[in-house]
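Structure, as C-alpha cells:
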Amino acid sequence: MSLPSDFTWGFATASYQIEGATEKDGRGPSIWDTFCKIPGKIADKSDGSVACDSYNRTAEDIALLKQLGSKCYRFSLSWSRVIPIGGRNDPVNQAGLDHYRKFVDDLLDAGIEPFITLYHWDLPDGLEKRYGGLLNRTEFPLDYENYARVVFKAIPKCKNWITFNEPWCSSILGYSSGFFAPGHTSDRKKSPVGDSAREPWIVGHNLLLAHGRAVKVYREEFKPTDKGQIGITLNGDGVYPWDPEDPADVEAADRKIEFAISWFADPIYFGKYPDSMRKQLGDRLPEFTDEERALVKGSNDFYGMNHYTANYVKHKTTQPEEDDFLGNLETLFESKKGENIGEETQSFWLRPNPLGFRNLINWLSKRYGYPNIYVTENGTSIKGENDMPKEQILQDSFRTKYFRDYAKAMAEAVSEDGCNVKGYMAWSLMDNFEWAEGYETRFGCCYVDYENGQVRTPKESAKEMKGIFDALIK
Ligand code: GBH
C-alpha cells in the first residue's frame, strides 16, 4: 500500500474563515458579513471580522506551512476584495488583487504549490442586493466569468484552480435549510424569503453554468500559455445500505450519492442530471439548453473531492416531501444489525469511517472514468475540544488517528484499486470560523488562541502529518 512519488499533500483553508480584516484595503462586504449580523444565525454570535487575522499574517502562515512540510496549500480568494461590488462593470480593487498575487509569489518562493479556490461561499453582497446573487441565471454566471478572468490574468503563476467549493452547500444550506448565507428557506419562522422546493435546484444549475464559463475562459485564454489545470470541488459522504439484504436500501445508498455528488458531476462528465433526480424533482430541476450543456459537459480537468464521514442509508416508503433534498431516504449512524458507523465528534454530522472514503473514491472513479482526483478537504472535529485546556487540545491524538486511517484508506484506493488520487489537503491548517457554528468547533491541525492575539500552535496532528505521508509516498 503506497502513494506515488509525485503525490502532493498539504493543508486547506477558506478566505472568510481565516482572513479577518473585512474592511481593509477596500474589501466590499460579502453575504457572510451580512448573514452574521442577523440574530440567531451564528451559534456564538460571532463573525469573520477578525477570525485568524490571516490577511495580516501571510508571512507567518507561510512559515507555518513550511515548518510542517506542506508541499501545497489550498486557500480561497475573497471575490469582494478583488471586485468590491462584484459585477463585470464594477471597479477592480488593485490592492486586493495585489495581495493575492504577492501571496502566491511568496508561497512559490517557499516551495509550496498554491491551489486557489475562486469561490468558497463569500459572494459579494453587492450582487445579492443587485439581482439576487446565485438565483440569477444570466447575470451571475457572467459576473463570475469576469471575476475569474481578472484573477487568471493577475496570477498566471498559480497552476491549480478550483472554481467552486461544494456547490451542494451553497444550494441546499443557502436556499433550502437556510442554515448558511443568504439563509433562504420555506420555513417562515427562519426567513421571510425562500422556496425550498425550487430555489436550491435553480442555484445549483446557475453554479454549474458559472463553473462552465470560467473553465471555458481558462482553457481558451490562459491554459495554452499558463499550462495549469482547473476543476470543481464537490462534497459527499460515504454510504452503506442500512440493510444490505434489501435491494431498496442498496439502491437508496447509490441515490444518496447521486443527490449529493452526481447532481453536479453528471452534468460535468455526461451533460445531464441523474435520472433519479429528474424522477423525483420533475420540472423543479432546470433543463440544460443546448448551449448550456455544451458549456458544462467536459468541464473538469480534475475532480476535487471534499470528504469527512459516512452514513447508513435507509429508503423511505412514503412519497418525498417537496423540500426533500436527500433522495427520499434516511441517513443513520447505526445499521439494521446494530453496527455503529464511527465515534462521535463535535460535529453532529461527522463520524470517522475511513473505509467509506476508500469506497467512495472507488465509486467516483468507476462512474466518471478514473479521473484525476485531488482530495481538497478531509478532517475532523473532536467532541468537547473547545472546552479542554490548551495543553490537552495540543494532544489531538483522535485527529491524528483520523488522518492516519483516512490517508491509509486513500493509499489503498490508489495502489490496490487503481484510482488516480494525485493530492491531499487536510482541513484545516488552523482552527477557524466554522460558519454557523462560530468558533466553538475547531477543525484545525494548529491551535489558534483567539483570546491572545490569534497565535498559532501546531497540534500533534499537524506535526504528525509529514510522517504520515512520508511513510506512504514511495
Ligand atoms: C466543509 O464542508 C467546508 O468546505 C469547510 O468550509 C468547513 O469548515 C468544513 O467542512 C468543516 O465543517 O446536516 O444538512 O446540515 C463539509 C461538508 C456538508 C458537512 C454539509 C456538513 C451538513 C449537512 N459539509 N454537512 S446538514
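Atoms within each ligand, like the ligands themselves, are counted from 1 in listed order. In this text, all values refer to a predicted model and were calculated from it rather than measured experimentally.
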I'd like to know whether Arg367 forms a salt bridge (charged side-chain N to carboxylate O under 4.0 Å, His left out) with Asp266, so could you lay out the CA-CA distance, the side-chain angles of the two residues, the decisive distance to 0.1 Å, and finally the verdict. CA-CA 9 Å; Arg367 187 168 179 115; Asp266 276 17; 2.9 Å; yes
Restricting to side chain to side chain donor-acceptor pair (under 3.5 Å), what partner residues turn up for Asp187, sequence neighbours left out?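 Scan of Asp187 (side chain to side chain donor-acceptor pair (under 3.5 Å), adjacent residues dropped) gives none.
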Please enumerate all residues that pass side chain to side chain donor-acceptor pair (under 3.5 Å) together with Tyr303, with sequence neighbours excluded.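 Not a single residue meets the side chain to side chain donor-acceptor pair (under 3.5 Å) criterion with Tyr303.
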Just the distances, no angles: every ligand 1 N or O to protein N or O pair closer than 3.5 Å, one line each.
from     : atom 1 : to     : atom 2 : distance (Å)
ligand 1 : 2 (O)  : Glu166 : OE1    : 2.8
ligand 1 : 2 (O)  : Glu166 : OE2    : 3.0
ligand 1 : 4 (O)  : His120 : NE2    : 3.4
ligand 1 : 4 (O)  : Asn165 : ND2    : 3.1
ligand 1 : 4 (O)  : Glu166 : OE1    : 3.3
ligand 1 : 4 (O)  : Glu166 : OE2    : 3.4
ligand 1 : 4 (O)  : Glu377 : OE1    : 3.0
ligand 1 : 4 (O)  : Glu377 : OE2    : 2.9
ligand 1 : 6 (O)  : Gln17  : OE1    : 2.8
ligand 1 : 6 (O)  : His120 : NE2    : 2.9
ligand 1 : 6 (O)  : Trp435 : NE1    : 2.9
ligand 1 : 8 (O)  : Gln17  : NE2    : 2.9
ligand 1 : 8 (O)  : Trp427 : NE1    : 3.1
ligand 1 : 8 (O)  : Glu434 : OE1    : 2.7
ligand 1 : 10 (O) : Tyr308 : OH     : 3.4
ligand 1 : 12 (O) : Glu434 : OE2    : 2.4

Criterion side chain to side chain donor-acceptor pair (under 3.5 Å) against Arg399, the qualifying member of Glu464, Glu460, Glu385: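 Of all the options given, the one that passes is Glu385.
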Tell me the side-chain hydrogen bond (donor to acceptor under 3.5 Å, both in side chains) pairs involving residues 61-70, sequence neighbours left out?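 Listed by first then second residue: Ser54-Asp61, Asp61-Arg456.
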For the residue pair Trp79 and Phe140, does the interplanar ring angle fall in the parallel (under 30°), tilted (30 to 60°) or perpendicular (over 60°) class?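 Correct class here is tilted.
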